[in-house]
Structures are given as structure tokens and as C-alpha cells.
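Below, read A as the first sequence line, B as the second, and so on, with proteins coming before strands; counting in each chain starts at 1.
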Amino acid sequence: MVVGCKFGECDFENGNYAAKRHMDFAKKILDRIGVGAERAEMFFCSAAESDKLIAAITEMARRVESLPPNPLKNR
Amino acid sequence: MQANVFEKAKLDAAYYAAQSFRVRCLVDSREEILKAGSYTGEDLDKITMAIFDSEFAKFQLWEALRAHGPLSLDQLQEYARDCCQSLFDVVARAFQMKFEGLASVEENEGQITQVLATSAKPEDLRPIYEQVTKGVSHSCSGCGMCAAICPLGCVTVEDGRVTINEETCIHCGLCYTVCPRSYFPKSVADWLVAQGEAVPLDVQIGSYIDAYSAQTTVPEIREVGQDGGVVTTLLFYAFQAGKIEAALGAKLTEKPWKPEPFVMKSQEDAILAAGTKYANNPTLSALPQLTSYSRVAVVGTPCMMQALRKGDIYPIGHKFWDKVKYKIGIFCMESFSYDSIVKIAEQLGTSIENAKKMNINSGKFFIRTKDGEVLQAPVKEVTQLARNECHYCYDLTSESADVSVGSIGSPEGWSSVIVRTPAGKDLFDGAVEAGLLEVQKLDEIEPGLPMLVKIAGFKSGGCNKRILEASEQNGVVPVYK
């Protein structure tokens, strides 16, 4: 789970754009190698939006609970 | 193989593939690439993932080689089955790793005996994939593939010279990846052309199904065609039978004898493009113009056929590759810069404006002038003006094409035709059945195949010599193995 500022509102100007690009690519790779893209997600919220952050964390927690074990894990 | 070893290797391979700078470059420069406008987001995703997939498969094989030691051909077959890949793909990756120095491939009489990992590390690979202007420009064939693939549109090929706009280049290495003069795994390409059938080892003209001598029966084509008018007839037939919607080739511009890439859309266009143009032309740079069609043919010289075949071996994910249904290759000893063509006309005692037709036949270079005069000079005098870069090419008969056509081996007014693949056979047989071509077997006529094999031997021999000389002087040379 990666959380970044909203686009255009980041102190580091374009760091969140780069992170989004990398996350998009990482999700594609996870799909390709059979791990599944739903195991990674990026969320955006500002420092004042605690409700959004809580919703995002809840969402990820829900996903993790419903996921089967890592298909690539050593058996 | 134990399951857990395999899974760990898979993760490592994915890690190396994601670290591969060729992949990262496309991810990191995504915005610049989309701004340049050559690719849509969807195109770019496809290309990025195609390169990721090929790097992933490559590093998986590398991991297997490191874990299990050398693999024989039988073991490679078993590995291919385990990974649900074809043996062809696995061998193609092995040759790629050989070029990159990650593995060595041992062969005996054209058969792979074993593949083994070297001590090189994946992080050593970066310097290999450079811009084509570095290292390849002295052997550049001028085919134009790099200009077609460049995501920033910063590569230009003109008159056999490649230039890169340094200000916009992102050093993604795609131009080098698709270049037929960087590396081209000849044995893998032969295998692909032969569709798994045995490849004749000692023959200089590549693998083929059948060889003929042919002549067009279409009067309009006979008037404008080079020898037998076969290439134009094949396109004429393909348009007529609805096998293609467009074809890429070359046509002369208003500047006398200066060719340019030309997208043909009809039989009339095919006739406009008839006749050999001896000046170098970056035909493939126009490939992106073909993406709106679903079935196309490409007519080009051996280097262009190599570039297209290389994309079949190492898929780049660009959408134009799937559309090329027929690769029609022409025989080519060498090509000329435009200036040289002008000089040749002067040497023969005329001017370029006054030349109506040019031809090389029976060891002589002919120019027929507009007044009907025929001028000639021995080919040897003329070839001194040929492009030096072309001497790095071994291929006379377009060994990577589906069907190859040229005058060598056939009597005047006829063309030799080498049918190599089922696609080429389909096209050629169709044109014959439609009554558009008159045909005889190449081994039943004089000078026929022996002449073709001999001259092809001159070219590949000259190429071997040039590559040897250049590598002795520590020059960068094309890798064909």
C-alpha cells in the first residue's frame, strides 16, 4: 500500500506522479508473474483528509483478509 | 525441478526484468513519450510489457542455467515444456543471452549442444544497448527500422545515414534492439524461416521450399518491371485477391532516381512502384503509417527483411508487426548513396536526369537513356562507388523473407524466385494459378541455382572478411551468431 499526495499538491512536485507510474507498472508485473495486482494499491489523500486515509486502510485490510496465500510462496 | 526452487527463481527473474533499464526507461519516460505523440498509452503499455515479458523469460532461463548448470538441447526442450514456452523461444533467448554475454551457446554443425551461464551479472548489461549512432553507424544498412520504432521520434534515417536528436533521446535502447546490424541471430532466423524443417548448411541462399524463374504475363507490368516484373505482379495479385490492403515499398520522387518510402493502396500504386531503385532508401521508417490496415506486404532489401524477422524472433509489441503478412525480399549485392548514383550516370556518359532505366545484369551496369541509348560499364567499376556499410551484410538473397526475388540466375527478362515460407508459397502459387506469372523451375534453366549460390558466396565471403578485419582493429561489428 502506497499513499501519496493528490496530484499537484505535493511538496516534492512530481514525486507522486513518478510513484503512480511505478505502481501502475508494479501491478502489471504482479499480474504477469501470477501474484495478482490486487495485492498492491496506491491511494491519494491530503494531510487533512483523515477519513480518506482510514477508508483506504480499511479497504486494503479487507482485501488482505480475503486473499489466498501468496501463490509464489515456498511450499 | 522442485517447486520452491522454481518459484524463488521466478521472483528473482521478475526482479531482474523489472530492473532492466530497457523496461525502466519506458516506464520512467512515459510522459515524454506520450507527449511526443508516436505512441498512445495503450501502445506504450504493450511495448513495455512485451519487453518486460521477454526480459522475464530470459532471466528465468538464466536462473535455471545458474541453478542447474549447463543445459543440453534435450534439457532445454524439457525446460520449455515446464515453462509452457516453445523450444524456439527458449533457443532465441539463449542466443540473446549469448550476445549480451550472460550465457554461452555451444554448437556443433549447426546443432546446439549446450547452453551455459557465464559469470556476467544482469547489472553489467546496460552499456550494450546504446543508441544506434554509436557503434552501428559504420555498418548501418539504412533500412529505417530504428526511425520507425523510436518512441520519441528522434531518429532520422536519410540516404543511408542515421542521426539522433540528442536533445530528446531518452536512451531507451529500442533502436539498437531492433537494428539488424547490432545483432541478428542468423541460425535462429533460418530456423524460423524453415519452420523447424532442416536447414541446408552449406547453401549460401538460406532455407527455401522451392526455387523458380518467373516472368509476368501482365502487359502493363512488363513495360515497367525490372526483369521479370515478379515483385510488382505478386503485389498486383495480392491486391486483386484481397490478401492485402496495403503494401510498403519504394517509389521514385520528383528528384531524378531519388527514392522514398511509399505506401501502396491499389494495383495502380503497385505499378507506380515498379522497377529497382539503386539509391538507398529507408523504407521501413514508414512502417508506422501501416497501422491502420490489418493485412500488409512489405517489399524490401535483405536488411529490411532481417529487421522484420528480428522483430518476429524478439517481439517488441509494436502493432505494425502483426500486420505484415508477406515479406517480399529482393536480391541485393549492395546499395548506393544518392550522390554515387549521380556519379555513376556521369561515368557512363550521361546525366541522372536523362536515365530512364538502370539495371545490373551479367556483370554489367546498364543505363537506358530517355533517347533509347543503352550505356554500360563493368559492375566492378561501379561497385567502387557502393556504400561501404553494405559490406557488413552477408545476405544476398533476402534469406529472412517469405519470398525472395531477383535477376541473378535467370535469363534476361526473367526473375529468380525463392519461395521460403508457407506464406510466400501461398502468395506465389496464387499468382501463378491466377495466370499472372509464367514459371519454370530454377534448376532446369541456365545459369540457374549454381550461379546464384556462387554470387551469394561472394557476398557472404566479403562480409566475413570485412567483419574479421574490423574486429581485428577492435571495431564494433554486427553479430550474426
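Interatomic distance, CG of A:N70 versus CG of B:L11, reported as 7.0 Å (0.5 Å rounding). We find the CZ-CZ distance between A:F25 and B:R30 to be 10.5 Å, quoted to the nearest 0.5 Å. Note that the CZ atom of B:F52 and the CD1 atom of A:I33 stand 6.5 Å from one another [nearest 0.5 Å]. Atoms CG and CD1, from B:D53 and A:I29 in turn, are 10.0 Å apart once rounded to the nearest 0.5 Å.
Summarising the geometry of B:V27 relative to A:H22, their closest heavy-atom pair is CG1-CD2, 3.8 Å, with the distance given to 0.1 Å.
A 6.0 Å sphere centred on CD of B:E123 holds more than 12 heavy atoms belonging to other residues, nucleotides or ligands. Residue B:E42 qualifies as open at atom CD: its count of foreign heavy atoms under 6.0 Å is 12 or below. Other residues, nucleotides and ligands place no more than 12 heavy atoms under 6.0 Å from the CZ atom of A:F12. Heavy-atom contacts from other residues, nucleotides or ligands closer than 6.0 Å to NZ of B:K35 number 12 or fewer. Heavy atoms of other residues, nucleotides or ligands lying less than 6.0 angstrom from OH of B:Y15 number 12 at most.
In summary, A:K28 and B:D45 engage in a salt bridge, as defined by a charged side-chain N under 4.0 Å from a carboxylate O.
A 4.5 Å side-chain heavy-atom check between B:F56 and A:R32 finds every atom pair outside the cut-off.
Heavy atoms of B:D28 lying under 4.5 Å from chain A belong to its backbone as well as its side chain.
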